[in-house]
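In this text, all values refer to a predicted model and were calculated from it rather than measured experimentally.
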Amino acid sequence: LHVLTHSFPTHALPILRSIEFSNRYEYLNPNYQLEGNERTTFTPMLTLEFADQYFACLQIGAMIDDYKRNVPLTSEYDHTTMFVQVQARF
């Protein structure tokens, strides 16, 4: 039995310095005097920070909108938007 292994040079790999998870919560009732269409928004975010030679962050997140009532043919309906963001400092 022969196992193939490969070692990568350590200077070629980015070093993970930190992992962060955050969540933002928003509640909005645009017309509180009448029975408005309440919206709840969650924005979970995972951040991976690389800081040795790369000085970079990779962020993965989502915006999750939840309406009390979905209104057809408008922007007032439940939906989720996923995103990836790269930040680099040089």
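- Counting only N and O atoms by type, the side chains of E20 and T47 include no donor and acceptor under 3.5 Å apart.
- A chain of hydrophobic side-chain contacts below 4.5 Å, direct or via other Ile, Leu, Val, Met, Phe, Trp or Tyr residues, connects I19 to I60.
- Proximity of F21 to P44: side-chain heavy atoms (C-beta onward) are separated by under 4.5 Å at one or more points.
- Side chains of T40 and D66: a donor-acceptor N/O pair is absent below 3.5 angstrom, by distance only.
- Listed by chain and residue number, H79 satisfy the ring-ring contact (aromatic ring centres under 6.0 Å, His included) test with Y77 (two or more places apart in sequence, or in another chain).
- The CG atom of L48 sits 5.0 Å away from the CZ atom of F50 when rounded to the nearest 0.5 Å.
- Proximity of M63 to T80: side-chain heavy atoms (C-beta onward) are nowhere separated by under 4.5 Å.
- Each of M45 and I64 belongs to its own hydrophobic cluster when Ile, Leu, Val, Met, Phe, Trp and Tyr are linked at side-chain heavy-atom distances under 4.5 angstrom.
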Item to complete: Kindly determine whether E49 and S18 satisfy side-chain hydrogen bond (donor to acceptor under 3.5 Å, both in side chains), including the steps that lead there.
Response: CA-CA 5 Å; E49 184 177 359; S18 67; 2.9 Å; yes
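- R24 CZ: 12 or fewer foreign heavy atoms inside a 6.0 Å radius.
- Residues forming a ring-ring contact (aromatic ring centres under 6.0 Å, His included) with Y25 (at least two apart in sequence, or on another chain): F42.
- Applying side chain to side chain contact (heavy atoms under 4.5 Å, CB included) to E26 and the options D65, T41, T43 leaves one that passes, T41.
- Proximity of E38 to Y27: side-chain heavy atoms (C-beta onward) are separated by under 4.5 Å at one or more points.
- Cluster membership check: L46 does not share its hydrophobic cluster with M82, using side-chain heavy-atom separations under 4.5 Å among Ile, Leu, Val, Met, Phe, Trp and Tyr.
- N37 places no side-chain N or O within donor-acceptor distance of the main-chain N or O of N70, the cut-off being under 3.5 Å.
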